[in-house]
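Order of the sequence lines sets the chain letters (A, B, ...), proteins ahead of strands, with each chain counted from 1.
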There are 2 protein chains.
Amino acid sequence: MFYLIGLGLSSVKDVTVRGLEAIKGCKRVYLEHYTSILMSASKEDLEEFYGHEVILADRDMVESQSDEILAGATEDDIAFLVVGDVFGATTHTDLVIRAKELGIKVESIHNASVMNAVGACGLQLYSYGQTVSLVFFTDTWKPDSFYDRVKENRDIGLHTLVLLDIKVKEQSIENLMRGNNIFEPPRYMSISTAAQQLIEVEQTRQEAAYDENTMCVAVSRLGAPTQSFKVASLKELAEYDAGEPLHSLVIVGPNPHDIEIQYMAEFFDGTKEELKACFNK
Amino acid sequence: MFYLIGLGLSSVKDVTVRGLEAIKGCKRVYLEHYTSILMSASKEDLEEFYGHEVILADRDMVESQSDEILAGATEDDIAFLVVGDVFGATTHTDLVIRAKELGIKVESIHNASVMNAVGACGLQLYSYGQTVSLVFFTDTWKPDSFYDRVKENRDIGLHTLVLLDIKVKEQSIENLMRGNNIFEPPRYMSISTAAQQLIEVEQTRQEAAYDENTMCVAVSRLGAPTQSFKVASLKELAEYDAGEPLHSLVIVGPNPHDIEIQYMAEFFDGTKEELKACFNK
């Protein structure tokens with residue numbers, strides 16, 4: 001059996017009881033280690049909690065060496081652990097398709113992910129449109145296809161969850177060219193960087209998907225004990241220090257419901273009435 | 001402390017290790033018992049697994065007697081258990097707002113819900129639009145506001161998750177009028193009923209949000225060991241026996257990605273090419 005097991009968002013204890021039992025019975029246990037990180041737990045913490053060795057699986061291993069991961073899974077149990085829930089990333093879907101081609105049984109053990117836990121910020125989950133991702137801009141590469149998605153969402157009154165880039169085990173161009181096996185320290189996009197990039201794209205595109213006064217919810221360390229939310233305009237969030245990673249951002253729809261405003265007001269520097277006045281302009 | 005704890009989708013063991021520890025330490029433990037049910041576990045199963053009494057909380061208790069649920073939570077730990085994740089329903093948001101008004105600390109312990117676990121059917125989570133709910137139609141009450149939401153989603157190429165009604169502890173009009181404390185057996189909307197109602201609304205509205213040939217994914221018992229998916233047209237699903245509850249439905253967007261088609265083909269009565277031909281017409 002090939003188990004895909006969601007680990008939830010933060011601590012080693014966010015695994016489900018069923019997931020933990022499955023892990024303990026597996027011959028090999030891989031941890032997907034490039035689309036997200038478990039905020040409050042290291043590889044060693046996991047190994048101690050599971051009583052089992054954990055093999056870190058980077059993008060290259062998952063995408064090019066999937067048969068190695070799956071080796072023996074027709075007889076033995078193999079686990080592939082994913083931070084959040086198991087179907088957040090396309091590459092995991094590829095892995096399942098490959099397993100089925102090889103005649104391996106697959107079982108998913110689900111968990112919380114940012115896609116549903118973001119409900120904690122008070123915006124109703126059924127009022128979100130499509131989710132978008134924002135990658136680190138460089139001087140020459142500023143992909144902005146997310147902009148059209150945000151516009152589509154806002155045109156029909158919906159909130160947009162913006163997932164922020166993380167870079168794990170990346171190489172500098174110099175080290176890549178020279179074939180040096182040296183990796184850059186991990187980087188996690190902050191809310192301020194995200195807000196700056198969003199404003200930059202609006203200034204380029206100028207199609208009024210949003211503007212610097214658009215209200216957003218800064219989501220910091222969702223699911224961790226230090227989780228926090230901050231409701232403010234993009235312009236304010238461009239200067240906001242949200243602390244340790246991981247961060248996400250919600251671009252609030254143009255007309256949030258009264259109960260959404262009431263809930264968000266707790267995270268806003270002002271009264272409920274002042275927050276309400278930030279919408280419907 | 002007032003804990004909101006997600007139970008996940010199916011078995012008692014779908015609770016997280018952190019959630020289980022919190023439950024064991026609580027003075028009172030409530031189970032929200034009207035927006036969803038845990039498929040493979042009864043109240044008694046939960047009580048045995050937790051080693052703790054579980055109080056069933058129906059809609060009336062949660063909406064009218066919230067202060068009773070919250071009583072003493074400034075000193076003692078109280079748990080409110082929710083099937084799936086904690087912020088699926090608006091009434092839970094109300095409960096949190098009330099708790100904070102009373103000066104009670106609130107902590108959420110998240111879990112999987114249909115909103116993210118539906119990724120298991122192979123459609124990418126970031127390509128879903130707003131989620132809609134479908135209620136049981138009666139002869140005189142056929143609410144169809146979901147139709148506009150589905151149209152909005154499909155107009156911009158997105159999938160739509162359709163949550164199907166459940167009726168727990170409902171009274172017949174006769175018993176309600178007579179003040180009899182007699183409740184109807186629980187009812188869970190099946191995929192075939194949902195498909196029939198969707199077709200009925202399209203025939204009334206005729207605004208081409210979808211038609212009876214629109215491809216959908218029937219989602220049965222998501223997260224349970226007997227979980228199954230079936231890819232077929234609405235017309236076919238109107239006759240489909242999906243077995244035991246709970247059921248959900250995904251209306252596939254008009255142009256699914258190649259990898260989505262490849263994954264869905266496993267649940268389709270035909271080849272990948274035949275499935276592909278069902279789109280882009």
Max heavy-atom pairs within cutoff under 4.5 Å with chain B, candidates V132(A), V96(A), L20(A), goes to V96(A)
Looking only at I259(A), L163(A), V114(A), I156(A), the option with the highest number of non-hydrogen pairs under 4.5 Å against chain B is I156(A)
Audit row: V17(B), F49(A), side-chain contact (heavy atoms from CB on, under 4.5 Å) steps and yes/no: CA-CA 11 Å; V17(B) 173; F49(A) 188 69; 4.0 Å; yes
I'd like to verify something: which residue of G84(A), G8(A), A120(A), G122(A) has the highest number of heavy-atom pairs under 4.5 Å with chain B? A120(A)
For chain A, which of V12(B), V86(B), L125(B), L222(B) has the most heavy-atom pairs under 4.5 Å? L125(B)
To the nearest 0.5 Å, tell me how far L9(B) CG sits from I109(A) CD1. 12.5 Å
Could you show, one pair per line, the donor-acceptor contacts under 3.5 Å between chain B and chain A?
| unit_1 | atom_1 | unit_2 | atom_2 | d |
| --- | --- | --- | --- | --- |
| K13(B) | O | V17(A) | N | 3.3 |
| K13(B) | O | R18(A) | N | 2.8 |
| K13(B) | NZ | E21(A) | OE1 | 3.1 |
| K13(B) | NZ | E21(A) | OE2 | 3.3 |
| D14(B) | OD1 | R18(A) | NE | 2.8 |
| V15(B) | O | V17(A) | N | 2.9 |
| V17(B) | N | K13(A) | O | 3.3 |
| V17(B) | N | V15(A) | O | 2.9 |
| R18(B) | N | K13(A) | O | 2.8 |
| R18(B) | NE | D14(A) | OD1 | 2.8 |
| R18(B) | NH2 | G223(A) | O | 3.4 |
| E21(B) | OE1 | K13(A) | NZ | 3.1 |
| E21(B) | OE2 | K13(A) | NZ | 3.2 |
| K100(B) | NZ | E266(A) | OE1 | 2.7 |
| K100(B) | NZ | E266(A) | OE2 | 3.4 |
| N111(B) | O | N116(A) | ND2 | 3.0 |
| S113(B) | OG | N116(A) | ND2 | 2.9 |
| N116(B) | ND2 | N111(A) | O | 3.0 |
| N116(B) | ND2 | S113(A) | OG | 2.9 |
| G223(B) | O | R18(A) | NH2 | 3.4 |
| E266(B) | OE1 | K100(A) | NZ | 2.7 |
| E266(B) | OE2 | K100(A) | NZ | 3.4 |

